[in-house]
Structure formats: C-alpha cells, structure tokens
Amino acid sequence: APIYRVIVSVGRADAEELGLDSKAQWERHVRASADALSAATGIPRENMRWVAAHHNPVAGHPHAHIMIWDRTDSPAFKRVVPQRRAGAGHIPAPRLKALRGAFTREIYGAVREGVYEAKGRARSEIRMFGTMSLSLAVEERRQIGAGLALPAVSGLTRDLDALSRTLPGRGRAAYKYVSPETKAAVDRIVDKLVSAAPIAERVTAYADAAVELKRHHTADPDELASARANAEADVRARLAPDVLQAAVSIQILRTGEGI
C-alpha cells in the first residue's frame, strides 16, 4: 500500500517572524491542514492516518516531514491489500499545487491578510489619485474653453486634448475597440501618471504586495519578477479606461466649443 511523504518548509526569516520554532506550532498547522492532505492523496478523511516530524536545523530551513497512509490498506484492518495502482504514492501536480496553497494559507494566513489589505489600499488610492488628476485636467480644459486666462496649462491637459482629437465622433470609446494609435497615446499618458507622485509610490506598494504574496509560494526570481510585472500591468490596465473617458469628456467640450 502506498505511503505518501510531504515536506513542508519555510524560510528561516519567515519561521522566526511567524514563531515556527516549536513542535506544537508545526503540529497545529499540520492538523489544521488534514482535509487538504486527504484531498491531495485521495484518501478519505476518516481512513487517513499520518505522522510527522519537525526539524529546526541550525543552518537551513525549518521544515516538517509528514507521512500519510490509508488505514484500510493495513493488514491489521483484516482485509486484502489492494493491488498497487499506477502512480500510487505520488501526488498529481494539480493536487500538489492545491496542497501547497492550502499550507500557504494556513501558515501565512494572518500575514497574508495584512498584505492583501495593503495591496487593496494601494489599488484604491491609485484609482483615486488617477481619477482626481484626470478630473482636474478636464476642468482645466473647460476653463480654457471658457476663455479664462490660466497661468500655465498642465502637460496632462495638453496630452488629453491631443488624445481627444484622435477619437472617432461616434461609436464606443472603449480601450479594446480604439485604434492602435489611440491605444499607444493612452498608454503614454498612463505611463506618465504612474511615474509621477503620488501615484508612483502607490504603484510600488501595490507591486511589492504582489511580490510578497507570490513569495509565500516560491522563491524563484523569474516568478517573483513576473508577479511584479503583472501587478504593474494590472495598474495600467485599470487606469487606461479612465484616461480614455477623460479624453472623451474633452472631446465633448470641444464639440460644444464648435472645434
């Protein structure tokens, strides 16, 4: 009968931060993850048995070895041991991924809640400051159209005015439907927004949070870099429709001015 072995390991710094320095702490996390171990191995929860050993080496990562088996496959259960299935004793990759996620949520749960909160706060503030900047630019353009003499015109207002002149007079002004040239112009404006204060600081905080969440699953530099790039791309994708809508608002102003 197959016996499954699972090793759960965390970095030394994480272990110290999370207080994973005792058998009791590791045992609590393993017991809390019993349902996930059952799902990963395919052993019914009521039939699953396990034993674990906690290792806290002076050098290296603190970890736990977990052995899992089905009690009904034991001769003591007074039944014939079933013939070994192909692949028995090996956890399929999708189940292993789910098990890794379950242990990550269990061990890092409280930490991840704080990181998610910081990530959500940064995302909301990015949108808030972005919308505010765009609204001020549209208002500045309205004042120009009304003949008010302004001491200076912001670069954002000039960029949005130029963008508004590339938009079609009818049809849906959605980012995915506009021309490649218009998309490129929108992207340039978004790049300027996310590169300037106060949005730039929030973008960094948002990307840092994404990397921290990914780090709980992997230490692979390429995957961590990908998490940062995806977070930054997500920010740009969220701001692009707002930029386009601001340009539409200026287009409406220009139409009212007869331009």
Side-chain angles (χ1 to χ4, degrees), residues 1-120 209-224 226-227 230-231:
I3 295 179
Y4 298 86
R5 185 177 75 156
V6 173
I7 300 175
V8 181
S9 174
V10 300
R12 170 63 60 185
D14 286 352
E16 292 176 355
E17 180 182 350
L18 297 168
L20 293 175
D21 55 0
S22 69
K23 170 182 175 292
Q25 286 280 37
W26 281 94
E27 182 177 358
R28 179 171 63 83
H29 289 310
V30 174
R31 287 189 181 280
S33 303
D35 287 344
L37 290 167
S38 171
T41 58
I43 300 174
R45 182 69 179 82
E46 63 273 15
N47 294 337
M48 188 182 76
R49 295 293 182 268
W50 62 270
V51 64
H54 160 235
H55 293 157
N56 189 15
V58 175
H61 293 178
H63 58 279
H65 294 265
I66 310 169
M67 308 291 284
I68 309 107
W69 68 94
D70 187 336
R71 74 184 181 94
T72 62
D73 281 344
S74 165
F77 197 73
K78 298 180 181 180
R79 92 180 181 77
V80 177
V81 176
Q83 185 171 351
R84 189 181 179 91
R85 304 181 304 278
H90 297 278
I91 300 176
R95 291 185 183 180
L96 189 59
K97 182 178 180 180
L99 180 60
R100 185 181 295 114
F103 268 104
T104 296
R105 290 188 296 273
E106 167 60 28
I107 293 174
Y108 289 93
V111 173
R112 288 174 69 84
E113 285 181 11
V115 178
Y116 273 119
E117 182 180 344
K119 186 181 180 186
V211 171
E212 178 66 12
L213 291 169
K214 189 68 174 180
R215 191 182 62 78
H216 295 161
H217 292 275
T218 180
D220 187 298
D222 291 337
E223 292 195 35
L224 296 178
S226 179
N230 289 340

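Sequential numbering from 1 along the given sequence is applied to the chain's residues. Predicted model, so just to flag it, every value in this text is computed and none were measured.
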* Who passes side chain to side chain donor-acceptor pair (under 3.5 Å) against R28, sequence neighbours left out? -> Q25

* Asked: Who are the salt bridge (Lys or Arg N to Asp or Glu O under 4.0 Å) partners of D220, not counting sequence neighbours?
  -> none

* Nearest-0.5 Å distance, CG of residue L37 to CD1 of residue I68 -> 5.0 Å

* To do: Just say parallel, tilted or perpendicular for the rings of H55 and H63, cut-offs at 30° and 60°.
  => perpendicular

* **Distance, nearest 0.5 Å, that separates CZ of R12 from CD of E16** => 6.0 Å

* Who are the ring-ring contact (aromatic ring centres under 6.0 Å, His included) partners of H61, not counting sequence neighbours? -> none

* Minimum heavy-atom separation for L20 to W26, with atom names? -> O-NE1, 3.5 Å

* Donor-acceptor pair, side chain of R215 and main chain of L224, under 3.5 angstrom -> no

* Structure fact -> d(S38 OG, N47 CG) to nearest 0.5 Å is 9.0 Å

* To do: State the CZ-CH2 distance between R31 and W50, to the nearest 0.5 angstrom.
  => 4.5 Å

* Sequence-distant partners of K23, side chain to side chain donor-acceptor pair (under 3.5 Å), two or more places apart -> E27

* Structure fact -> Sorted by chain and number, sequence neighbours left out, ring-ring contact (aromatic ring centres under 6.0 Å, His included) with H217 holds for none

* What pairs with R100 under side chain to side chain donor-acceptor pair (under 3.5 Å), at least two apart in sequence or on another chain? -> none

* **Reported CZ-to-OG1 distance for the pair R49 and T72, which is rounded to 0.5 angstrom** => 9.5 Å

* Looking at CD1 of I66 and CZ of F103, how far apart are the two atoms once the value is rounded to the nearest 0.5 Å? -> 4.0 Å

